[in-house]
*Asks:* 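Quick one: this structure, given as structure tokens, is what I'll be asking you about.
So that the names make sense, note that chain A is the first sequence line, chain B the second, and so on, each numbered from 1. In this text, all values refer to a predicted model and were calculated from it rather than measured experimentally.
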Amino acid sequence: MPEITYREAIRQALRYQLQHDERVFLMGEDIGAYGGSYAVTRGFLDEFGEKRVKDTPIAESVIVGAGIGAAIAGLKPMVELMTINFSLLAIDQIVNNAAKLRYMSNNQVHVPLVIRMAGGAGSQLGAQHSQSLESWYAHIPGLQVVAPATPYDAKGLLMSAFESDDPVIFIEHTALYPMKGDVPEEPYYLPFGKADVARAGNDVTLIGHGGSVHQAFRAAKQLEADGIDAEVLNLRTLRPLDTEAILASVRKTNRAIIIEDDWQFGGFGGEVAAIIQERAFDDLDAPVMRCSGADVPMPYNGALEQAALPQEADIVRLAKSMV
Amino acid sequence: MPEITYREAIRQALRYQLQHDERVFLMGEDIGAYGGSYAVTRGFLDEFGEKRVKDTPIAESVIVGAGIGAAIAGLKPMVELMTINFSLLAIDQIVNNAAKLRYMSNNQVHVPLVIRMAGGAGSQLGAQHSQSLESWYAHIPGLQVVAPATPYDAKGLLMSAFESDDPVIFIEHTALYPMKGDVPEEPYYLPFGKADVARAGNDVTLIGHGGSVHQAFRAAKQLEADGIDAEVLNLRTLRPLDTEAILASVRKTNRAIIIEDDWQFGGFGGEVAAIIQERAFDDLDAPVMRCSGADVPMPYNGALEQAALPQEADIVRLAKSMV
Amino acid sequence: MARMIDRPPSSHAQSGAAAGVDRIALLQTMMNIRRFEEKAAEMYARGKIKGFLHLYTGEEAVATGAIAALRPDDYIVSHYREHGHALARGVEPERIMAELFGKATGVSGGRGGSMHLFDAAKSFLGGFAIVAGHMPLACGLALAEQYKGTDRIAINFIGDGSVNEGEFHEALNLASVWKLPIIFVCENNLYGMGTSMRRVSSVVEVYKRAQAYNIDAEQVDGMDVLAMHKAVSRLAAKVRAGEGPAFIEAICFRFRGHSMADADLYRPKEEVARWKKLDPITRLSKTLLDAREVAASDLDAMHARADAVADDAARFAEESPNPPLESLTRHVYKEPGDA
Amino acid sequence: MARMIDRPPSSHAQSGAAAGVDRIALLQTMMNIRRFEEKAAEMYARGKIKGFLHLYTGEEAVATGAIAALRPDDYIVSHYREHGHALARGVEPERIMAELFGKATGVSGGRGGSMHLFDAAKSFLGGFAIVAGHMPLACGLALAEQYKGTDRIAINFIGDGSVNEGEFHEALNLASVWKLPIIFVCENNLYGMGTSMRRVSSVVEVYKRAQAYNIDAEQVDGMDVLAMHKAVSRLAAKVRAGEGPAFIEAICFRFRGHSMADADLYRPKEEVARWKKLDPITRLSKTLLDAREVAASDLDAMHARADAVADDAARFAEESPNPPLESLTRHVYKEPGDA
Ligand SMILES: Cc1ncc(C[n+]2csc(CCOP(=O)(O)OP(=O)(O)O)c2C)c(N)n1
Ligand SMILES: Cc1ncc(C[n+]2csc(CCOP(=O)(O)OP(=O)(O)O)c2C)c(N)n1
Ligand SMILES: [Mg+2]
Ligand SMILES: [Mg+2]
């Protein structure tokens with residue numbers, strides 16, 4: 001299997017869709033002439049032309065709203081919002097229209113729209129450009145929230161996103177774009193709601209999505225040295241959530257730690273912890289713990305930013321304290 | 001103590017602020033000539049004039065943004081956004097500016113802004129007008145999230161909101177406006193981060209905010225008949241959250257149920273459950289349970305809407321299953 | 001024509017008929033809408049209808065004239081005051097009233113309510129309750145048809161209150177830059193809830209706001225169904241031909257409060273009285289009488305027909321079943337068997 | 001003057017001086033900004049500066065001319081390309097560079113970074129990274145001064161990319177309806193990242209977009225510091241007198257890519273070359289030489305001064321400490337002892 005980057009994996013899925021489905025087109029700020037702020041769509045404008053690859057004004061609400069309308073009318077738009085931070089300007093469209101229309105219309109219309117955005121922190125972009133708000137989207141019935149952790153995830157999940165007949169919030173972690181991994185050349189589809197056991201273990205379950213999966217994995221390696229055998233669960237999708245996989249793992253390890261870049265209070269980790277204690281109460285040897293971002297707007301200074309983000313050492317310390 | 005409505009209690013706090021603090025002014029859609037969509041500001045325009053009571057265009061972002069700027073410049077604006085549903089159109093201002101400016105500027109500026117909005121469901125307003133998104137705001141460092149359950153709460157918490165030097169999201173529950181309760185005429189201030197034990201009990205702790213507190217209270221009465229002595233905790237503020245009060249109660253009752261109108265998945269109840277099992281693991285005789293809204297956009301039909309909202313019967317059934 | 005604002009165009013005589021328009025049909029449609037709304041108000045008073053109920057009474061000419069000038073497959077995207085638009089498009093009155101009652105037989109299965117009428121088969125795509133929030137979506141429908149290369153267009157009804165929302169701006173700019181096949185119709189009834197336009201808008205002539213985006217825009221007497229029909233006919237042809245979007249500011253007036261909950265204390269009584277003199281139904285009736293196209297007895301018959309339609313709708317709604325409770329969790333996502 | 005767009009005003013001679021303006025001081029400020037930015041680029045290349053770094057090179061005349069025409073207590077609210085605005089206001093170069101380094105001595109304590117410079121004592125209120133997101137806030141500052149009855153005004157710098165955002169629309173409408181004491185300066189450098197204005201804007205003359213809100217708006221040669229100074233001086237007087245907001249479209253051009261990460265492949269080389277001929281520093285230098293206000297040796301001295309300022313700033317930043325880790329959780333909310 002060829003080794004390619006997370007960025008390239010996303011490009012492969014997008015190119016495949018553009019080549020094989022006339023209804024697919026891409027819309028977003030600077031995805032054309034500029035090639036995308038993370039170079040994901042570089043060259044697409046030349047290859048597919050202005051009809052399929054549309055540079056838009058800087059106007060998030062109408063970009064997403066137009067995507068919703070076009071999806072209702074039978075097309076398969078992919079809207080790129082650059083980063084999750086800017087999605088706040090289109091959030092009414094996402095929450096009040098995209099997520100609700102199938103239900104409100106009693107199944108007369110539906111919204112097969114893929115919205116891609118980069119999330120996460122770590123590159124010193126400051127408070128307004130470093131948020132991880134996936135928990136917000138995961139809260140909304142009608143949406144599907146996808147957060148690939150590897151190049152393999154990215155291609156397979158994005159392919160499935162285009163297969164879906166309901167809106168998908170596809171969150172790419174900025175730090176992962178250059179990351180490499182094995183990816184089949186031919187198209188393949190990863191199901192939503194199925195987590196991946198990135199590493200099997202018996203003593204504690206480390207649960208994460210996106211970039212956190214890699215931290216969990218590295219922490220697991222460190223824990224090995226201390227004779228702690230950690231299982232690493234890559235959620236892949238937050239909504240639908242693979243509750244069964246989480247419970248199965250915890251019933252085996254009897255301990256769980258959720259890792260997330262995002263703020264802990266009111267974040268997604270809380271939901272996972274709540275579900276685990278609700279459904280696997282008697283299997284728990286220790287409370288479910290969370291390793292999350294600090295409860296502060298993201299500072300610019302590099303050392304402060306790292307201090308605000310969960311670190312392998314924190315995971316290791318937590319895990320040791322539990323077994 | 002005079003008995004007044006929740007609406008009147010809010011009016012009293014607003015009038016007091018307008019009368020006693022020159023820096024205070026109100027801004028919002030239809031708060032003047034129309035008297036407010038929930039009649040909270042009726043008569044204020046005549047009493048205080050256009051300088052203090054400003055009718056705005058329907059333009060949520062600039063209303064909130066202007067409030068932020070005015071607050072930075074030393075005034076104490078109160079922005080009314082009618083309902084929490086419309087706050088989605090101003091959410092970038094709230095999250096990226098109001099919540100972050102003190103931190104980003106290294107304490108050079110701060111934003112003493114009060115943003116009032118009505119939340120909750122139950123009056124058949126349909127999917128786009130029936131949301132309870134307080135968990136979203138509670139997730140954001142830099143914000144304070146207040147959700148009064150009684151007229152007494154409403155006045156005392158709103159008075160404190162104006163005392164605060166940081167932004168306050170003040171969420172009123174639509175169903176409570178006509179509700180009556182004892183409220184002192186003189187001004188008083190309820191602290192943020194202090195929950196209220198609405199009913200003392202020993203067998204199970206029912207935790208709620210806003211309208212849910214009353215459901216919990218009625219459920220507690222029903223449980224009495226079955227010999228179950230429930231404690232009811234009124235959170236009053238979600239951020240800061242009175243974790244100590246929650247833990248103290250659970251350490252006594254060893255069981256907890258969180259009641260919320262909002263969708264359960266990724267909601268605020270998950271955070272409370274996560275905290276309880278994290279901090280009071282050994283005191284729990286049963287998993288922390290949640291009684292929340294159904295995972296669907298809100299349907300218009302009255303029976304369906306009630307089926308989508310938590311009911312006393314659900315709380316009672318849950319409580320019985322736990323003790 | 002800007003002076004029309006808050007000085008009603010009483011001076012104007014009713015405009016002449018556009019080629020081949022069935023003026024009697026237009027009159028009947030307006031009567032049907034009027035009676036439907038009055039019946040809805042009655043049902044609301046009797047507690048059969050809940051939530052917010054926004055009536056179209058007084059504005060019938062706008063939807064009736066505009067929609068009659070379109071093709072039946074042209075998309076309609078409207079706001080929460082949309083009963084009239086749905087009726088003008090030919091959505092069954094029974095199923096609309098049933099929706100207001102929240103019944104299973106309603107156009108949206110009782111899940112949408114008054115603010116969220118949908119009839120996809122008739123290209124009636126809502127019914128939206130977020131001011132200006134439906135404009136981007138309407139642009140998307142137009143974009144899709146342009147993309148597919150059809151000559152189907154979209155019409156988007158908005159209120160004067162939406163012109164100061166950011167989404168109005170984003171939608172008009174995009175529609176103009178991409179030459180989208182869409183007609184925006186702003187129903188300028190001079191008030192957004194209790195707020196008069198001139199207190200919150202830097203430019204009160206809405207059509208001028210649209211012209212600032214290089215959009216072909218004009219102001220039309222929204223109390224004159226023939227004028228509406230004429231304007232939309234002409235613009236629809238251009239839009240259909242791919243010449244880009246168009247915008248109509250329809251000056252009109254609602255005869256009742258913003259919603260059933262509104263006591264309507266903010267509008268001077270004589271202002272309301274002045275506008276009621278321009279009742280589009282009375283106006284067209286007179287024109288047809290004068291032209292001897294109808295006799296008084298014909299008008300009586302037409303009113304009777306409108307009454308019957310409204311009564312039947314209410315009866316149907318009344319007798320219809322509620323959606324089953326088990327349906328609560330249906331259709332949040334695609335289900336096996338869905339298209 | 002609309003033709004100025006993408007045809008630079010090379011024809012125009014430099015405009016005459018406004019009364020009592022110190023042209024030499026303006027030149028020195030522009031030189032300081034230029035050298036500061038070049039130094040920042042160098043420090044970024046050396047890994048001393050991280051994150052996004054957007055340079056103001058080429059646009060110096062806009063901030064320099066505009067801010068020199070204001071009172072030192074007038075509010076400045078800018079976007080993420082704001083080093084030049086901060087320097088023009090007199091914020092210490094050392095503390096700006098230290099902020100870019102993320103040091104404790106930075107204007108925002110190293111927490112803000114290049115996009116979030118704040119110096120409240122100098123009424124420099126940011127530094128914002130959400131396109132158009134700072135416009136409502138700037139309106140609020142103006143509203144507050146109007147409310148207090150002072151004659152302090154606000155100036156809000158935005159890019160051409162922000163004109164299609166909903167917040168641009170909401171802010172301009174409110175500023176106009178409420179006659180807020182604010183001047184919007186749109187730095188129209190013809191591109192928003194890699195997207196040329198004309199591909200995404202229905203009307204490319206930005207000043208016309210502003211006029212559509214009844215705002216006094218004009219287009220100015222943003223490569224001419226004296227023209228900027230003149231225009232802002234005149235408008236500031238009107239705005240200060242309570243005549244409502246004003247808007248300036250400053251036609252300019254950035255000499256480098258959007259940010260340090262941008263290879264700048266989307267702009268024709270000769271377009272860039274053409275604009276570099278209009279370098280505002282060279283232009284004013286020539287004017288002053290021709291007018292015998294300075295000698296070549298004076299210019300050398302001024303350049304040397306600018307070099308020294310930039311070098312000192314970099315040295316100061318380099319030698320400054322990082323903020324202590326314990327400070328991470330400070331100032332999320334008011335703390336005991338805070339004002
Ligand atoms: C974004 C948003 N803000 C506020 C509201 C509350 N609201 C409902 S209708 C309305 C007035 C709209 O007036 P207009 O657009 O003129 O339509 P009309 O009711 O006059 O037909 C307002 C403010 C809303 N529904 N959506
Ligand atoms: C709301 C929002 N959308 C997108 C972005 C990403 N972005 C940053 S700068 C920029 C281009 C802005 O161009 P312009 O306003 O012309 O300013 P310039 O960089 O040319 O000075 C974009 C799209 C953003 N920061 N905020
Ligand atoms: Mg109106
Ligand atoms: Mg630009």
Side-chain angles (χ1 to χ4, degrees), chain A residues 22-25 27 50-52 54-77 79 89-90 92-93 95-113 140-144 163-167 192-193 239-240, chain C residues 75 77 99 104 106-113 115-121 124-130 132-148 150 152 154 165-167 169-175 177-178 180 323 327 329-335 338-339:
Chain A
E22 272 297 313
R23 301 168 305 164
V24 171
F25 69 96
M27 234 186 334
E50 292 213 329
K51 181 183 177 189
R52 313 289 303 282
K54 298 183 185 298
D55 273 320
T56 66
I58 306 173
E60 288 73 15
S61 277
V62 77
I63 299 170
V64 171
I68 294 169
I72 290 174
L75 300 183
K76 282 200 150 288
V79 166
L89 289 138
D92 172 68
Q93 288 297 330
V95 171
N96 273 323
N97 288 340
K100 295 179 170 53
L101 280 167
R102 184 190 283 271
Y103 193 90
M104 277 166 58
S105 71
N106 198 32
N107 211 28
Q108 293 182 81
V109 304
H110 57 277
V111 185
L113 172 67
I140 307 298
L143 298 181
Q144 303 168 95
E163 291 289 293
S164 173
D165 278 313
D166 291 298
F192 289 177
R239 182 186 267 267
Chain C
Y75 296 111
V77 179
E99 189 58 39
V107 283
S108 305
R111 304 167 148 223
M115 303 197 289
H116 303 305
L117 303 177
F118 283 84
D119 188 345
F124 187 85
L125 295 184
F128 292 84
I130 301 297
H134 57 325
M135 298 181 74
L137 185 148
C139 289
L141 294 169
L143 171 63
E145 296 310 315
Q146 179 188 60
Y147 184 97
K148 296 184 224 161
T150 74
R152 193 175 178 186
E165 278 281 9
E167 287 177 314
H169 177 70
E170 296 187 10
L172 263 57
N173 181 65
L174 194 77
V177 186
W178 286 358
L180 299 179
S327 69
T329 55
R330 301 290 312 280
H331 311 311
V332 178
Y333 299 98
K334 183 180 189 176
E335 294 168 6
D338 280 345

*Asks:* In terms of heavy-atom proximity below 4.5 Å to chain A, should C:E145 be classed as side chain, backbone, both, or neither?
*Replies:*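 The answer is the side chain of C:E145.
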*Asks:* Chain A heavy atoms under 4.5 Å from C:L125: which part of the residue, side chain, backbone, both or neither?
*Replies:*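 The side chain, not the backbone.
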*Asks:* Sequence neighbours excluded, which residues qualify as side-chain hydrogen bond (donor to acceptor under 3.5 Å, both in side chains) partners of C:D119?
*Replies:*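 Partners of C:D119 by the side-chain hydrogen bond (donor to acceptor under 3.5 Å, both in side chains) criterion come out as none, since no residue qualifies.
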*Asks:* If we define contacts as heavy-atom pairs under 4.5 Å, which of C:H169, C:Q146, C:K148, C:H331 has the most with chain A?
*Replies:*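 Between C:H169, C:Q146, C:K148, C:H331, the count favours C:H331.
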*Asks:* Should the pair A:K51 and C:Y147 be classed as cation-pi, given the thresholds of under 6.0 Å to the six-membered ring centre and 45° from the axis?
*Replies:*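 Judged by the rule, A:K51 and C:Y147 form a cation-pi pair.
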*Asks:* Please rank A:P167, A:S164, A:S105 by heavy-atom pairs under 4.5 Å with chain C and give me the top one.
*Replies:*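 The residue among A:P167, A:S164, A:S105 with the greatest pair count is A:S105.
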*Asks:* Counting heavy-atom pairs under 4.5 Å to chain A, which of C:L117, C:L141, C:V77 comes out on top?
*Replies:*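 Going by pairs under 4.5 Å, I would pick C:L141.
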*Asks:* Below 4.5 Å, heavy-atom pairs only: which of A:Q144, A:Q108, A:K100, A:E60 has the largest tally toward chain C?
*Replies:*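 Max contact count across the listed options: A:Q108.
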*Asks:* Using heavy-atom distances under 4.5 Å, tell me whether C:I130 contacts chain A through its side chain, its backbone, both, or neither.
*Replies:*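 It is the side chain, since no backbone atom gets that close.
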*Asks:* Going by side-chain contact (heavy atoms from CB on, under 4.5 Å), A:N106 matches just one of C:R330, C:H116, C:R111. Which one?
*Replies:*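 Only match with A:N106 under side-chain contact (heavy atoms from CB on, under 4.5 Å): C:R111.
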*Asks:* Taking only residues two or more places apart in sequence or in another chain, which ones pass ring pair (Phe, Tyr, Trp, His ring centres under 6.0 Å) with C:Y75?
*Replies:*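 For C:Y75, no residue satisfies ring pair (Phe, Tyr, Trp, His ring centres under 6.0 Å) once neighbours in sequence are set aside.
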*Asks:* So what's closer than 4.5 Å to chain C heavy atoms on A:I140: side chain, backbone, both or neither?
*Replies:*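 When you check distances to chain C, only backbone atoms of A:I140 fall under 4.5 Å.
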*Asks:* Under the 3.5 angstrom rule, does the side chain of C:E170 hit a backbone N or O of A:V62 as a donor-acceptor pair?
*Replies:*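 Yes, because the side chain of C:E170 sits within donor-acceptor range (under 3.5 Å) of the backbone of A:V62.
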*Asks:* Among A:I68, A:N96, A:V109, A:D92, which residue forms the greatest number of heavy-atom pairs with chain C at distances under 4.5 Å?
*Replies:*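 Of A:I68, A:N96, A:V109, A:D92, A:D92 has the most heavy-atom pairs under 4.5 Å with chain C.
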*Asks:* Any donor-acceptor pair under 3.5 Å linking the side chain of A:D166 with the backbone of C:K334?
*Replies:*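 Present.
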*Asks:* With only heavy atoms counted, which part of C:V177 is less than 4.5 Å from chain A, the side chain, the backbone, both or neither?
*Replies:*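 Answer is neither: C:V177 stays 4.5 Å or more from chain A.
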*Asks:* Among C:A138, C:C139, C:G133, who wins on heavy-atom pairs under 4.5 Å with chain A?
*Replies:*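 Between C:A138, C:C139, C:G133, the count favours C:G133.
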*Asks:* Determine whether a donor-acceptor pair (N or O, by modelled atom type, separation under 3.5 Å) exists between the side chain of C:E167 and the backbone of C:P136.
*Replies:*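 No.
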*Asks:* Please confirm whether the backbone N or O of C:Y333 pairs with a side-chain atom of A:Y103, one donor and one acceptor, at under 3.5 Å?
*Replies:*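 Judged by distance alone, no pair lies under 3.5 Å.
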*Asks:* Between A:I72, A:L89, A:V64, A:I58, which shows the greatest number of heavy-atom pairs under 4.5 Å with chain C?
*Replies:*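 The candidate making the most pairs under 4.5 Å is A:I72.
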